[in-house]
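Working notes for the structure below.
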Amino acid sequence: QVQLVESGGGLVQSGGSLRLSCATSGRTFSGSAMAWFRQAPGNEREFVAAISVRGGITKYADSVKGRFTISRENAKNTMYLQMNVLKPEDTAVYYCAARQGVPLTTPQYDYWGQGTQVTVSS
């Protein structure tokens with residue numbers, strides 16, 4: 001069983017930055033593609049960013065390109081999402097996810113965290 005725990009969310013002003021972390025348990029982190037998704041109230045869960053097993057491949061939603069950076073430290077079983085130039089429309093619950101195989105931009109992931117709230121005030 002793989003457990004994912006997000007942290008680092010909070011309240012920030014427009015233009016500010018936050019770094020989210022996703023800590024994992026289990027032996028499969030280093031063999032898993034990872035991703036961040038988000039869900040705002042009344043909206044469907046949407047893709048934010050994904051990263052391959054060794055970090056050589058990253059994918060981003062158009063809405064966050066140039067502002068967000070996904071990374072991972074396999075030695076620490078942890079994935080990160082550095083979010084800069086935050087906008088009110090980035091307000092959502094952010095979820096990390098893991099799957100065996102290639103990183104996807106659709107929610108076909110095997111394991112999910114409980115989410116962390118990010119609120120950006122204008």
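Shown here for Arg38 and Val64, the closest heavy-atom pair between the two residues is NH1-CG1, 4.0 Å. Nearest heavy-atom pair across Ala98 and Ser32 is CB-CB, 4.3 Å. Residues Ile51 and Ser71 approach most closely at CD1-CA, 3.7 Å, considering heavy atoms. Residues Met79 and Cys96 share a closest heavy-atom pair of CE-CB, 3.5 Å. When all heavy atoms are compared, the tightest approach of Ala50 to Pro103 is CB-CB, 3.8 Å. Heavy-atom minimum distance, Ser122 versus Ser14: CA-CB, 4.2 Å.
Leu20 and Val85 fall into different hydrophobic clusters, where Ile, Leu, Val, Met, Phe, Trp and Tyr are joined by side-chain heavy atoms under 4.5 Å apart, directly or via other members. Linking Ile, Leu, Val, Met, Phe, Trp and Tyr residues whenever their side-chain heavy atoms come within less than 4.5 Å places Val48 and Val120 in a single cluster.
Around CD of Gln100, the count of heavy atoms belonging to other residues, nucleotides or ligands within 6.0 Å exceeds 12. Within 6.0 Å of atom CD in Gln117, more than 12 heavy atoms from other residues, nucleotides or ligands are found, so the atom counts as buried in its surroundings.
For the pair Trp36 and Met83, the minimum side-chain heavy-atom distance is 4.5 Å or more. In this structure, the side chains of Met34 and Cys22 come closer than 4.5 Å at one or more pairs of heavy atoms. At a threshold of 4.5 Å between non-hydrogen side-chain atoms, the residues Tyr111 and Thr24 do not count as touching. Side-chain contact between Gln39 and Tyr95 is present, with at least one heavy-atom pair separated by less than 4.5 Å.
Of the possible polar contacts, none joining the Thr69 side chain to the Gln82 backbone as a donor-acceptor pair under 3.5 Å is found. Without hydrogens or angle criteria, Arg72 side chain to Ser52 main chain gives a donor-acceptor distance under 3.5 Å. The closest donor-acceptor contact from the side chain of Thr116 to the backbone of Tyr94 lies at 3.5 Å or more, if one exists at all.
Just one residue in the list Asp110, Thr105, Thr106 forms a side-chain hydrogen bond (donor to acceptor under 3.5 Å, both in side chains) with Gln108, and that residue is Thr106. Of the residues listed (Val118, Leu18, Ile70), the one engaging Leu81 in a side chain to side chain contact (heavy atoms under 4.5 Å, CB included) is Ile70, and it is the only one. Here the options are Phe37, Tyr60, Tyr109, the test is ring-ring contact (aromatic ring centres under 6.0 Å, His included), and the partner is Phe47; only Phe37 passes.
To the nearest 0.5 Å, the span separating OG1 on Thr119 from CG on Asp90 amounts to 11.0 Å.
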CA sep, side-chain torsions, deciding dist, call: Lys65, Asp62, salt bridge (charged side-chain N to carboxylate O under 4.0 Å, His left out): CA-CA 5 Å; Lys65 273 181 186 175; Asp62 288 342; 3.3 Å; yes
